[in-house]
2 protein chains.
Amino acid sequence: MKTFSIGEVAKELNLTVYTLRYYDKEGLMPFVERTASGTRLFKKSDIDALRVIECLKSTGMPIKEIKNFIDWCSDGDATLKQRYDMFMERKANVEAQIEELKKTMELIEHKCSYYKTALEAGTEEIHKNNKIGTSITP
Amino acid sequence: MKTFSIGEVAKELNLTVYTLRYYDKEGLMPFVERTASGTRLFKKSDIDALRVIECLKSTGMPIKEIKNFIDWCSDGDATLKQRYDMFMERKANVEAQIEELKKTMELIEHKCSYYKTALEAGTEEIHKNNKIGTSITP
DNA sequence: TTAATCCTTATAGTTAACTCTAGGTCAAGT
DNA sequence: ACTTGACCTAGAGTTAACTATAAGGATTAA
């Protein structure tokens, strides 16, 4: 079976080898095998697992919690419920994050048009006697 | 004009007084006035400005960059272009973040259904002979 | 007036997630 | 044989963003 070096995996996932070794140290990759002399041998499935880890990371999940999940995976079917619950919670969490970003977007877009108008007028003064709340400070 | 104490502002914005003082130290609130004895007096407009700061923070903007923006605000009309460009860049950035989260969401949802099926079957084995790529490791 | 409850500064400590260095091993090429 | 470059570990250093502590000053309520 084809295997990959830590350098190859780092390139593939846009991570550094330092980061991968750090993840390993934190217990995120107990499944990665080694040669007799200690060099890591990554399988295709290990890279897939790392993609899942990156996915969880991108939801803002801290590494220690990701480790819990990895441990549950090693523990087998007894932890299916925990893992299901975890992903359901992640789902709700990501939905909330998207909503939050959409709210943020509204204010950002307001600022874009505020500055567009000001830029066209050459001065922010144009907004100064706007008292009806269409502008947001500053 | 009505003013607010640091404690009131902290409560209003769901921040701690430590955080607000930290922001001040980092130069994010040069507009906040003080009493003769040094106590901060926040105006309504200062709270609005802090909301904008929180908005920028929620886009993932580091505090040092937010400080640049605050400095530009103090510099007046000469910096309108920078500020406009900054918000346009933030807009693109937030759009990208939302897209990223939507991609993340797809994998998370896949995992939810993967574990739902496994949970119903009582075992992950149910997915083991699925070779057509509808499952994602682990 | 005295106690409580704010506020202040300066400075130290914490946490997460890297990021790097030093010193060493190993396999391939010249 | 030797050099090059990628790998290894242990452990130190970095950065951002808080978070807390110590020591003290001001304001209010009994």
Side-chain angles (χ1 to χ4, degrees), chain A residues 2-43 46-47 50-70 90 93 97 100 104, chain B residues 2-43 46-47 50-70 90 93 97 100 104:
Chain A
K2 177 140 204 289
T3 60
F4 306 85
S5 72
I6 195 168
E8 287 168 325
V9 174
K11 190 165 287 180
E12 175 75 20
L13 299 177
N14 276 306
L15 298 170
T16 67
V17 294
Y18 299 138
T19 304
L20 284 171
R21 290 200 194 106
Y22 166 68
Y23 287 175
D24 198 5
K25 211 188 302 189
E26 295 299 309
L28 262 42
M29 304 152 37
F31 41 75
V32 175
E33 297 184 14
R34 306 281 191 120
T35 63
S37 59
T39 300
R40 290 172 187 85
L41 295 175
F42 292 79
K43 297 184 292 293
D46 297 342
I47 298 178
L50 279 165
R51 278 191 223 277
V52 174
I53 288 171
E54 286 305 286
C55 169
L56 290 173
K57 220 160 53 81
S58 75
T59 73
M61 197 173 194
I63 279 170
K64 281 186 181 166
E65 272 176 54
I66 299 177
K67 183 188 161 22
N68 290 341
F69 167 66
I70 296 296
R90 278 299 106 190
N93 190 297
Q97 281 183 57
E100 180 67 29
T104 294
Chain B
K2 178 143 203 286
T3 60
F4 306 86
S5 73
I6 196 168
E8 287 168 326
V9 175
K11 191 166 286 177
E12 174 74 20
L13 299 177
N14 277 306
L15 298 169
T16 67
V17 293
Y18 299 138
T19 304
L20 284 172
R21 291 202 192 104
Y22 167 67
Y23 287 176
D24 198 5
K25 208 189 305 186
E26 295 299 310
L28 263 43
M29 304 151 36
F31 40 76
V32 175
E33 297 184 11
R34 307 282 191 119
T35 64
S37 59
T39 300
R40 290 172 187 83
L41 294 177
F42 292 79
K43 297 184 291 294
D46 297 342
I47 297 178
L50 279 165
R51 279 191 223 279
V52 173
I53 288 170
E54 286 305 286
C55 169
L56 290 173
K57 219 161 54 83
S58 76
T59 73
M61 198 173 191
I63 279 169
K64 282 184 182 168
E65 274 177 51
I66 299 176
K67 185 188 160 19
N68 291 340
F69 167 67
I70 297 295
R90 277 299 107 189
N93 191 297
Q97 280 182 57
E100 181 68 30
T104 295

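Not measured: the values here are computed from a predicted model. The figures that follow rest on heavy atoms only: side chains count, while hydrogens, waters and symmetry mates do not. Just so it is clear: chains get the letters A, B, ... in the order the sequence lines come, proteins before strands, and each one is counted from 1.
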How long is the line joining CD1 of A:I53 and C1' of C:dC18, in whole Å?
16 Å

Do the side chains of A:I53 and A:I70 get nearer than 4.5 Å, heavy atoms only?
yes

B:R34 vs B:T39 side-chain heavy atoms within contact, under 4.5 Å:
no

Of B:K64 and B:T35, whose closest DNA chain D nucleotide lies nearer the 5' terminus?
B:K64

Could you please name the option among D:dC18, D:dT21, C:dA17 that lies closest to any side-chain atom of A:P62?
C:dA17

Can you find a side chain N or O atom of A:Y23 that sits less than 4.0 Å from OP1 or OP2 on C:dC18?
yes

Tabulate atom names and distances for all N/O pairs under 3.5 angstrom spanning the protein and nucleotides 2-8 of chain C.
{"unit_1": "C:dC7", "atom_1": "OP1", "unit_2": "B:S5", "atom_2": "OG", "d": "3.0"}
{"unit_1": "C:dC7", "atom_1": "OP1", "unit_2": "B:G7", "atom_2": "N", "d": "2.9"}
{"unit_1": "C:dT8", "atom_1": "OP1", "unit_2": "B:R40", "atom_2": "N", "d": "3.0"}
{"unit_1": "C:dT8", "atom_1": "OP1", "unit_2": "B:R40", "atom_2": "NH1", "d": "2.6"}
{"unit_1": "C:dT8", "atom_1": "OP2", "unit_2": "B:R21", "atom_2": "NE", "d": "3.0"}
{"unit_1": "C:dT8", "atom_1": "OP2", "unit_2": "B:R21", "atom_2": "NH2", "d": "3.0"}
{"unit_1": "C:dT8", "atom_1": "OP2", "unit_2": "B:R40", "atom_2": "NH1", "d": "3.4"}

Side chains of A:K43 and A:E33, heavy atoms from C-beta outward: is any pair under 4.5 Å?
yes

Closest nucleotide among C:dC18, D:dC18, C:dA17 to the A:T19 side chain:
C:dC18

Please give, in whole Å, the distance from C:dT9 C1' to B:D24 CG?
12 Å

Checking all strands, does B:K25 fall into the base, sugar-phosphate, or nothing category for heavy-atom contacts under 4.0 angstrom?
base

Over all heavy atoms of both residues, which pair between A:L50 and A:F42 is shortest? Give the atoms and the distance, please.
CD1-CE2, 3.9 Å

A:L20 CG - D:dA6 P separation (whole Å)
16 Å

Among D:dA17, D:dA20, C:dT19, the one nearest any side-chain atom of A:Y22 is C:dT19

Protein-nucleotide distance (B:L15, atom CG; D:dT19, atom C1'), rounded to Å
13 Å

Distance alone, cut at 3.5 Å: any donor-acceptor contact between the side chains of A:Y23 and A:K67?
no

Just the rounded figure in Å: distance from P of D:dA16 to NZ of B:K67.
15 Å

Taking CE from A:M61 and C1' from C:dA17, how many angstroms apart are they, rounded to a whole number?
16 Å

Short question: side chain of A:E8, backbone of A:S5 - any donor-acceptor pair under 3.5 Å?
yes

Answer yes or no: is there a donor N or O on one side and an acceptor on the other, between the side chain of A:T19 and the main chain of A:L15, under 3.5 Å?
no

CG of B:N14 versus C1' of D:dC18: gap in Å, rounded?
16 Å

Check this one for me: any side-chain N or O of B:K57 less than 4.0 Å away from OP1 or OP2 of D:dC18?
yes

Return the value, rounded to whole Å, for the distance between atom CG of A:L41 and atom C1' of C:dA27.
14 Å

